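Here's the structure we're looking at; comments come further down.
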Amino acid sequence: MEVFQFLMPIFTEYGYWAVFVMLLICGFGIPVPEDVTLVTGGVIAGLGHADVHTMFAVGMAGVLIGDGLMFALGRMYGQRISKMPGFRKILTPERFASAQDAFHKYGKWVMFVARFLPGLRTPVFFSAGMSHRVSFPTWLLMDGFAALISVPIWVYLGYFGAQNWDWMFAVLRQFQHGIFALLGLGMAWLAWRWWRKRHATAAADTPSDPS
């Protein structure tokens, strides 16, 4: 992968700080794959340039602080920041609409799902903060739960695959497909629950026939 080849010398040279900063950049919606970033961090640990458990901690800190900054910016500045030059291409009206629709259908669980969807993650967390309907503890619970699944998978995959990149990338693709399949099933179930609730509410609001 080109991104992997680009990140390897940087992470090898600058270690934990480079991984942390890159994850912050991912949190701001820059199109750098977070999974590849974490895998690359695991690889340099597997090659002896870092400690894998410290790399896991750095990975958790990077993803949560990056996501938390977008949540906080949405809470403090709202729509104003979406009009700034650096954010216009990331926080587009189309992405906002998708995020709002996802919140409407899936509720707070969309923040869990968003961790695995790079194109949706930034506008979802920004929208969650901007809406003032999601508390910080709720956001942290959902995003932290998702991060506890994704971060160790990618970091330790890189660590154990550091000596065999072909195997590592093959497993990476399998994990990606598996995660997307599970997310699809989960979102389908949540959509079904939303449809049932909406149908039940519509039925309750329909006046009965007096005859």
Side-chain angles (χ1 to χ4, degrees), residues 1-74 76 81 84-91 95 111-112 114-126 129 139-140 142-176 179-180:
M1 291 186 178
E2 293 182 4
V3 175
F4 175 77
Q5 297 291 349
F6 170 76
L7 294 176
M8 270 295 295
I10 299 174
F11 287 4
T12 302
E13 179 72 20
Y14 298 104
Y16 304 119
W17 280 108
V19 177
F20 179 76
V21 170
M22 187 58 66
L23 289 170
L24 288 184
I25 292 173
C26 292
F28 277 80
I30 304 301
V32 177
E34 186 179 274
D35 49 4
V36 178
T37 301
L38 291 166
V39 166
T40 309
V43 168
I44 68 167
L47 295 176
H49 300 293
D51 175 73
V52 67
H53 306 304
T54 305
M55 186 61 71
F56 163 65
V58 169
M60 286 294 296
V63 299
L64 291 178
I65 292 174
D67 293 344
L69 285 173
M70 291 309 303
F71 181 87
L73 287 172
M76 293 186 294
I81 200 169
M84 295 175 61
F87 291 89
R88 286 176 184 169
K89 292 184 179 180
I90 299 171
L91 302 171
R95 287 183 175 179
M111 293 183 290
F112 173 86
R115 160 121 304 281
F116 305 95
L117 301 174
L120 192 61
R121 184 170 66 239
T122 298
V124 161
F125 293 149
F126 189 87
W139 167 81
L140 183 61
M142 303 307 295
D143 191 40
F145 179 36
L148 281 173
I149 296 173
S150 64
V151 173
I153 286 177
W154 303 133
V155 170
Y156 287 98
L157 173 61
Y159 177 74
F160 290 111
Q163 303 295 337
N164 189 342
W165 292 359
D166 290 337
W167 171 84
M168 181 184 70
F169 286 127
V171 174
L172 173 62
R173 286 189 289 270
Q174 290 174 359
F175 267 125
Q176 288 172 330
I179 287 172
F180 285 134

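No experiment lies behind these values; they were computed from the predicted model shown.
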Please list, chain by chain and in numerical order, all residues satisfying side chain to side chain contact (heavy atoms under 4.5 Å, CB included) with Met8, sequence neighbours excluded.
Phe4, Thr12, Thr40, Val43, Ile44, Leu47, Trp165
Nearest 0.5 angstrom please: His53 NE2 to Tyr156 OH, how far?
5.0 Å
Return the CZ to CG distance between Phe145 and Leu148, rounded to the nearest 0.5 Å.
8.0 Å
Going by heavy atoms in the side chains, are Leu23 and Leu38 under 4.5 Å from each other?
yes
With sequence neighbours left out, the residues meeting ring-ring contact (aromatic ring centres under 6.0 Å, His included) with Phe71 are Trp139
For residues Phe11 and Thr37, determine if any side-chain heavy atom of one lies less than 4.5 Å from a side-chain heavy atom of the other.
yes
State the CZ-CD1 distance between Phe20 and Ile25, to the nearest 0.5 angstrom.
11.0 Å
What pairs of residues pass the side chain to side chain donor-acceptor pair (under 3.5 Å) test when at least one of them lies in residues 54-71, not counting sequence neighbours?
Asp51-Thr54, Asp67-Arg115
Using the test ring-ring contact (aromatic ring centres under 6.0 Å, His included), find all partners of Phe160 that sit at least two apart in sequence or belong to another chain.
none
Side chains of residues 56-64: which donor-acceptor partners sit under 3.5 Å, not counting sequence neighbours?
none

Spatial distance of atom CG (Leu157) from atom CD1 (Ile153) [nearest 0.5 Å]:
9.0 Å
Among all residues two or more places apart in sequence or in another chain, which pass the side-chain hydrogen bond (donor to acceptor under 3.5 Å, both in side chains) test with Tyr16?
none
Return the minimal non-hydrogen interatomic distance between Pro152 and Ala147, and the atom names on each side.
CD-O, 3.5 Å
Return the minimal non-hydrogen interatomic distance between Leu7 and Met22, and the atom names on each side.
CD2-CE, 3.7 Å
Taking the side chain as every heavy atom from C-beta outward, state whether Leu172 and Trp154 have any pair of such atoms under 4.5 Å apart.
yes
On a heavy-atom basis, which atom in Ala50 and which in Met55 lie closest, and how many Å separate them?
CB-CE, 3.8 Å
